[in-house]
Structure formats: C-alpha cells, structure tokens
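For reference, the structure is listed below as structure tokens.
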Amino acid sequence: MQQMATTVTLLGAASSPGPGLAAGDAAVAVVSSEQKVYDVVVKQAALLKRQLRPQQQQQAPPAVARELDAPRGGLGEAYARCGEICEEYAKTFYLGTLLMTEERRRAIWAIYVWCRRTDELVDGPNASHITPQALDRWERRLEDLFAGRPYDMPDAALSDTITKFPIDIQPFKDMIDGMRTDLKKARYKNFDELYMYCYYVAGTVGLMSVPVMGIAPESKATAESVYGAALALGLANQLTNILRDVGEDARRGRIYLPQDELAEAGLSDEDIFKGVVTEKWRKFMKRQIKRARMFFEEAEQGVTELRKESRWPVWASMLLYRQILDEIEANDYNNFTKRAYVGKAKKVLALPVAYGKSLLLPYSLRNNQT
C-alpha cells in the first residue's frame with residue numbers, strides 16, 4: 001500500500017512551488033488544504049492505534065462509561081431504523097454490510113444515516129430554506145450527540161456507536177463545514193480548492209468509517225496509510241459524483257470544476273451552461289476522469305487491509321462507482337443532458353466480483369512476501 005506521504009503528493013500541485021511562487025507562498029497553500037486534512041488523518045489514525053495497543057485492549061474506552069440518554073423505543077429499534085434507511089437508499093452497500101458482524105454492521109448504518117441527513121440539509125427537499133444558522137444548530141446537535149444527549153432515534157444509534165469505536169468528532173464537523181460551503185460557494189478556482197470541498201463532503205466519510213470497518217489483524221499496513229486510502233476513496237467518489245452531475249449542477253448555477261483547468265482547456269462557464277460536447281470538452285473530461293481513477297487506484301490497495309468481513313460493501317460500492325466513469329465515456333462525455341448510471345444487471349454482477357475481491361490477501365502481506 002502507498003504510504004501517507006504518497007497520498008499527500010497525490011492531492012494536488014500545491015505540494016511544490018510553481019513558477020513565480022516563493023517557497024513560503026507554497027507552504028501557505030499546503031497548510032490551507034492538504035496539510036489541514038493530513039493532520040486530521042494523523043489524529044484519526046492515532047486514536048485507532050491507541051485502541052489497538054495490547055495494554056489497552058482489556059480496557060473500555062472512557063466514553064463507554066458515560067450514560068446514554070436514549071430516546072424512548074430503545075437502541076435496538078434505533079439501529080433497526082438506520083438499517084431500513086440504508087437498505088432503501090443504498091441497496092448494494094446495505095447487502096454488503098450483512099456480512100459484517102452485527103455490532104460493526106449497525107454502527108455503519110448509524111454513520112450512513114447521519115451523513116445522509118446532513119447531506120439532505122443542502123440537497124434535500126427543504127434545501128432552499130436552509131440557512132447558516134440552521135447548520136450551526138445541526139452542529140450543536142452533533143456535539144450533544146457526542147456528549148450522550150441524542151435528539152432522536154438515529155442520533156441515539158450514532159451516539160451509542162461512538163462509545164464502541166474510536167470515532168472522533170472532527171470528520172463530522174468537517175462534513176458540516178462542507179454543507180456551509182455549498183451555501184456560499186458555487187465556483188472553485190483550482191483543484192486545491194475543489195480537493196478541500198471533496199474532503200469535507202466525502203473524504204470525511206472514510207475517516208468516520210475506518211474505526212468501524214477495522215484493520216485486518218494480519219495486515220502490515222500502517223494505520224495512517226489505511227486512513228489515507230479511505231480518504232482517497234472518498235475523494236474519488238465525490239469527483240465521480242461531480243463529473244456525473246455536471247449538467248444537473250449547471251442548471252442550479254453551480255460548477256464544481258477547477259476554473260483554471262477549464263481555462264487551460266479553452267472552456268468557460270458559458271460553455272458549461274450551453275452544454276455542448278466539443279473536442280475541447282472531451283479532452284478536459286479525459287483529464288478529470290484520469291484523476292478520479294488515480295484516487296480509486298490508491299484506495300483499492302487500502303480496501304484489502306480492512307477486516308475481511310468489512311471489505312465486501314466497500315468493494316461493491318467502489319466497483320459500481322468506477323463504472324460510472326466508464327458510462328460517462330460510453331456517453332461520449334455528454335454529462336450535460338445524459339446521466340451516467342450503472343444498470344441493474346451490472347449492479348448484480350458486481351456483487352460476486354466484489355465478494356471475490358474481499359477474500360484477497362491484504363496488499364501489505366502480498367507486497368512483503370518473498
């Protein structure tokens with residue numbers, strides 16, 4: 001598996017000074033995006049490593065001891081409701097979670113539901129009424145949830161989950177920051193800016209999930225590298241979403257594409273709004289798809305390092321998302337008026353393929369074998 005240093009290198013051109021930039025200027029750019037995320041990754045990995053230390057394995061995390069003020073109905077019902085929501089909106093992923101242990105399965109459902117509810121604040125039916133103050137209230141509710149004071153049943157499921165796994169609040173707060181970005185920003189001047197947005201709204205999901213998915217006991221990979229791969233998968237998924245939804249976003253006045261790369265390709269916002277596929281657009285799209293696939297390739301090695309029973313849902317989701325890029329190509333890069341989607345037959349076929357890949361030996365072991 002690629003180490004975290006490689007992950008940082010892949011995140012964007014801000015890693016080294018460009019023409020006309022002093023070294024100090026470049027350093028500021030790194031801190032403003034890549035370094036900020038890297039610091040979060042290191043913190044999450046440290047939490048996981050502390051839990052795995054032999055001398056601590058017999059000790060319950062301090063958070064477990066706190067009393068949970070669960071809503072009426074009980075935690076069992078709360079987790080069951082999260083499972084129903086996951087099954088309704090992410091069927092393939094849900095099927096994969098059924099192979100996981102009950103505790104891990106229920107925890108992943110709880111995280112999925114919180115992320116979905118957060119996303120719907122700005123993309124759901126009431127999105128036009130969402131204000132920065134509403135997101136502030138959602139963040140205070142998150143803090144209460146982490147303090148053992150859930151508001152409702154899905155909150156109670158997540159509040160219970162964080163007592164069982166070394167999950168930190170920072171990725172959750174960062175996701176809310178991503179929703180704040182959507183309220184005030186509709187353009188991204190370069191990939192460095194877009195990368196930060198992709199981390200907020202999707203890379204965070206990987207950081208939330210790794211403690212639940214777990215690292216295989218036999219894995220030789222570092223916790224930082226596994227978290228780095230989880231981050232890469234989130235980035236790849238969000239970049240794929242962006243490329244699939246170019247036309248839909250444009251109709252809402254939004255362009256989630258690097259402005260400087262559009263200009264380099266001889267394209268403008270007006271070209272996006274017109275929605276005409278040209279050779280310039282095809283060339284531009286090939287570059288964007290190549291970048292998304294690069295992140296998928298990095299993530300692929302990390303999936304093999306997860307616990308065996310946790311790999312199937314991640315593999316299934318990743319295989320299907322990668323096929324969306326194939327469908328964009330099959331549509332001759334017309335993501336203005338054609339929505340790239342993976343048909344039901346391909347989804348069904350992906351499940352046994354994903355299961356087969358979930359049985360592979362961790363990459364770190366294959367790489368160390370003589």
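Computed from a prediction, not measured in an experiment: that's the story for all the values here.
Within a 6.0 Å sphere centred on OH of Tyr341, heavy atoms belonging to other residues, nucleotides or ligands number 12 at most. For Lys308, the NZ atom counts as loosely surrounded, since its 6.0 Å shell holds 12 or fewer non-hydrogen atoms of other residues, nucleotides or ligands. Summarising the local packing, NZ of Lys280 is surrounded by 12 or fewer heavy atoms from other residues, nucleotides or ligands at distances under 6.0 Å.
Taken to the nearest 0.5 Å, the CD1 atom of Ile111 stands 11.0 Å off from the SG atom of Cys86. Taken to the nearest 0.5 Å, the CZ atom of Arg282 stands 8.0 Å off from the NZ atom of Lys286. Between atom OH of residue Tyr151 and atom CZ of residue Arg140 there is a gap of 8.0 Å, rounded to the nearest 0.5 Å. Leu365 CG to Glu305 CD: the interatomic distance, rounded to the nearest 0.5 Å, is 7.0 Å. One finds the CD1 atom of Ile272 at 8.5 Å from the CG atom of Asn335 (value rounded to the nearest 0.5 Å).
Ring-plane geometry between Phe336 and Trp281 is classed as tilted, the angle between the planes lying from 30 to 60 degrees on a 0 to 90 degree scale. Under the 30°/60° scheme for interplanar angles, the aromatic rings of Tyr188 and Tyr256 are found to lie parallel.
Within the 3.5 Å criterion, the main-chain N or O of Lys220 finds a donor-acceptor partner in the side chain of Ser364. In terms of modelled atom types and a separation under 3.5 Å, the side chain of Arg254 and the main chain of Lys185 share a donor-acceptor contact. For the pair Arg366 (side chain) and Leu361 (backbone), a donor-acceptor distance under 3.5 Å is present. In terms of modelled atom types and a separation under 3.5 Å, the side chain of Thr240 and the main chain of Ala236 share a donor-acceptor contact. A side-chain donor-acceptor contact under 3.5 Å links Arg104 to the backbone of Val212. Here the side chain of Asn190 pairs a donor or acceptor atom with the backbone of Asp192 at under 3.5 angstrom. Side-chain N or O atoms of Arg311 include one that pairs as donor or acceptor with a backbone N or O of Leu360 at under 3.5 Å. Between the side chain of Ser209 and the backbone N or O of Val205, at least one donor-acceptor pair lies under 3.5 Å.
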Legend entry - Leu267 and Phe284: CA distance, side-chain angles, deciding distance, side chain to side chain contact (heavy atoms under 4.5 Å, CB included) verdict: CA-CA 9 Å; Leu267 298 165; Phe284 172 80; 3.8 Å; yes
Inset, instruction - Could you please spell out the steps behind the side chain to side chain contact (heavy atoms under 4.5 Å, CB included) verdict for Met208 and Gln170? - result: CA-CA 9 Å; Met208 298 171 193; Gln170 190 61 50; over 6 Å; no
Inset, instruction - Take Tyr227 and Thr222 through the test side-chain hydrogen bond (donor to acceptor under 3.5 Å, both in side chains) and record every step on the way to the result. - result: CA-CA 9 Å; Tyr227 273 97; Thr222 64; over 6 Å; no
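The pair Glu327-Arg339 does not count as a salt bridge, with every side-chain nitrogen at least 4.0 angstrom from each carboxylate oxygen. Taking 4.0 Å as the cut-off between side-chain N and carboxylate O, Asp136 and Arg180 count as a salt-bridged pair. Checked for salt-bridge contact, Glu279 and Lys283 miss the test: no charged N lies under 4.0 Å from a carboxylate O. Ion pair Lys164/Asp160 flagged as a salt bridge, since at least one NZ, NE, NH1 or NH2 atom sits closer than 4.0 Å to an Asp/Glu carboxylate oxygen. A salt bridge links Asp249 with Arg252; the closest basic N to acidic carboxylate O contact falls under 4.0 Å. A salt bridge is absent between Arg105 and Glu102; no separation between the charged side-chain nitrogens and carboxylate oxygens falls under 4.0 Å. Classification of Asp152 and Arg141 as a salt-bridged pair holds, one side-chain N sitting under 4.0 Å from a carboxylate O. No salt bridge links Arg149 with Asp155; every basic N to acidic carboxylate O contact stays at or beyond 4.0 Å. The pair Glu329-Arg293 meets the salt-bridge criterion, with a side-chain N (NZ, NE, NH1 or NH2) lying under 4.0 Å from an Asp/Glu carboxylate O.
In the hydrophobic clustering of ILVMFWY residues, with side-chain heavy atoms under 4.5 Å counting as a link, Met294 and Leu239 come out together.
A donor-acceptor pair shorter than 3.5 Å can be found between the side chains of Glu261 and Gln288. Checking Tyr363 against Ser219 by side-chain atom types alone, no donor-acceptor pair falls below 3.5 Å.
No close placement of the Tyr112 and Tyr89 rings is indicated, their centers lying 6.0 Å or farther apart. Two rings, from Trp109 and Tyr94, have their centers less than 6.0 Å apart.
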